[in-house]
Amino acid sequence: MDVRRRPTRPPRPSPSDTHLWQQNPSAAYGVRSQSPTAKASDVLLSPFYLANTIFFALFFFVTYYLLRRWRDKIRSSIPLHVFTLPELAALVAFVASVIYLLGFFGIEFVQSFISRPSHDGDIWSDNVAVDDVELDRHPFIPQPQPDPLISFATMEDDEAIIESVVQRVIPSYSLEAKLGDCKRAAAIRRDAVQRMTGRSLEGLPLHEFDYDSILGQCCEMTIGYVQIPVGIAGPLLLDGYKYLVPMATTEGGLVASTNRGCKAILESGGATSMILRDGMTRAPVVRFPTAKRASELKFYLEDPINFETLSTVFNKSSRFGRLQGIQCSIAGRNLYARFSCSTGDAMGMNMVSKGVQNVLEFLQNDFTDMVVIGISGNFCSDKKPAAVNWIEGRGKSIVCEAVIKDEVVKKVLKTHVASLVELNMLKNLAGSAVAGALGGFNAHASNIVSAIFIATGQDPAQNIESSHCITMMEVVNDGKDLHISVTMPSIEVGTVGGGTQLASQAACLNLLGVKGASKESAGANSRLLAAIVAGSVLAGELSVMSAIAAGHLVKSHMKYNRSSKDVSQAACQT
């Protein structure tokens, strides 16, 4: 513990030393300081109070006099620019008083920017007094206010910074920028949060993470990271290639179930996939004075003659973003225009948004009465269940299918083809219809989509529309084998940008062979990732439906999703 000797406090100066305080407050306390720095305010009249009184009175007097004279001139129809000698003198006095007052209040402010004194040896630097003991402040001494940025930049003691964050002297969000050390910033913020809440964050990991990699792109105000176990399902035989699929989940039995589905597909010859559509969407909402004007823009945007011009404007925002089409809908005098574009290997939300912004700026040259209400009007539709995505698609639209042999159904899946077909009709189709499902004609597509999204750095919130899926099962080959397919119209994935650049997620993408941008064909990696997602969903649907048909679902969850181990005690011991 660092114990410092408390210095003897020097005597307080008497009021007769006011001039000394103004020139050198440190000297008034008997503290040795640097030689005083010349200031622009030194040219002002002294003593200050006398000069201030004179010029304040002069300013208000001449202002009142001139206003009275100008009012009389207006009433008498005398031109305002005709001055008498007293009026001219009053005008000169007014200008002089304004110049003085501006100098009195403004010079010190300007001086603080053009000539900041050094804080070395300054009794007030960093808001810390000599030997860390803050001296009593005299009421007549100008009280310097601490500069949060300067004191923050020179602080080396984490404890002092933590206390400043707790007291809200230093904004928590500025720690990374000011410290230049993202891990240290996270540790300081973490301790500050514990003190402010009185609750422990023990168990939330802090170390062994690259905080620099997420700065400005993935997460703000970091205090640690969450551990999610990653399992492997597969191999998934898809389009003639085998893939080991990483899945990040905390649901016991999910990886094992998907793995069993992959085994059934592998032993039946594999699955095939087809990309039906590839285009990210953004739909701004604009308003016009009348519905007629809104309709005119709708006709303009949907006219094939104008598409080339609009494409040129849209495409200049990116090397990979290429406008595919515009679909419009009107609600009164409000127009919703759904732009669709290719986005290469990026998921593409920012890309399409920039292109839409270019088009809106271009349109306002001809549609000057158009008011842009929002760059997104929910006709896109992003991170919400919407019929437009289910019907028109968003991101990658994919269908994936496989024919599972009868012997595989019996040996691996422990059920029968007829039982699966009947269950699919009554559960996934009729049952979902009774529930009024929107895009939810499946058993648990969201489970697989979420697990792969988290493992590969996708936006987990886009699981909502990406999990839109209809699972179909039919009897083929004279009633012996099972044809199963999943149709997913809006899988939104990318292999560049966002969380895909983090080390763990990049490793999972590398395992699948889709890390980064494709060098052979723009967008090939992201399309392959979407196909793997669909193929994994196919495996997951096949396995869980078989478990339900065979009556094994509850039993398997009791085996894989429950534990007698007290994990809370284990966590406390680590």
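Residues: numbered from 1 along the sequence shown. Below, all heavy atoms of this structure are taken into account, side chains as well, without hydrogens, waters or symmetry copies.
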Modelled atom types, side-chain donor and acceptor of [X] and [Y], under 3.5 Å:
X	Y	result
N463	S446	yes
Q324	S340	yes
K354	S318	no
S273	D239	yes
T471	E541	yes
R282	S376	yes

[X] with [Y]: basic N within carboxylate O range, under 4.0 Å:
X	Y	answer
K383	D459	yes
E176	K183	no
R394	E492	yes

So if I apply the side chain to side chain contact (heavy atoms under 4.5 Å, CB included) rule between M247 and each of V230, I454, L254, which one comes out positive?
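Per the side chain to side chain contact (heavy atoms under 4.5 Å, CB included) rule, the option paired with M247 is L254, out of V230, I454, L254.
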
Grab the two heavy atoms, one from [X] and one from [Y], that are nearest each other, plus how far apart they are.
X	Y	answer
S172	V165	CB-CG1, 4.1 Å
D345	S518	OD2-N, 2.7 Å
I375	S353	CD1-O, 4.1 Å
G516	N525	O-ND2, 3.0 Å
N358	K316	ND2-CG, 3.7 Å
L238	A531	CD2-O, 3.4 Å

Is any side-chain heavy atom of [X] less than 4.5 Å from a side-chain heavy atom of [Y]?
X	Y	answer
I162	R189	no
E251	N447	yes
N442	I470	no
R293	R333	no

Between F61 and F59, is a ring-ring contact (aromatic ring centres under 6.0 Å, His included) present by the stated rule, with each step listed?
CA-CA 6 Å; F61 174 77; F59 172 78; over 10 Å; no

Inter-residue atom distance [X].[atom1] - [Y].[atom2], 0.5 Å rounding:
X	Y	atom1	atom2	result
Q501	D210	CD	CG	11.5 Å
T281	E465	OG1	CD	8.5 Å
T495	L512	OG1	CG	11.0 Å
E474	M425	CD	CE	12.0 Å
S467	I464	OG	CD1	9.0 Å
N510	T500	CG	OG1	12.5 Å

Measure the acute angle between the ring planes of Y336 and F379, then classify it against the limits of 30° and 60° as parallel, tilted or perpendicular.
perpendicular

Parallel, tilted or perpendicular for Y241 and Y243, by the 30°/60° rule?
tilted

Side-chain donor or acceptor of [X] paired with backbone N/O of [Y] under 3.5 Å:
X	Y	value
S526	G523	yes
D303	N306	no
E302	C328	yes
N378	S381	no
R338	C380	yes
R527	K396	no

Would you say CE of M196 has more than 12 non-hydrogen atoms from neighbouring residues, nucleotides or ligands within 6.0 angstrom?
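Buried by this count: over 12 neighbours within 6.0 Å.
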
With a cut-off of 6.0 Å (strictly less than), are more than 12 heavy atoms of other residues, nucleotides or ligands near CG of L67?
yes

Applying the side chain to side chain donor-acceptor pair (under 3.5 Å) test to S397, which of R277, H468, E392 qualifies?
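The single option meeting the side chain to side chain donor-acceptor pair (under 3.5 Å) with S397 is R277.
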
Between F367 and Y300, is the ring centroid distance below 6.0 Å?
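They qualify: ring centres under 6.0 Å apart.
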
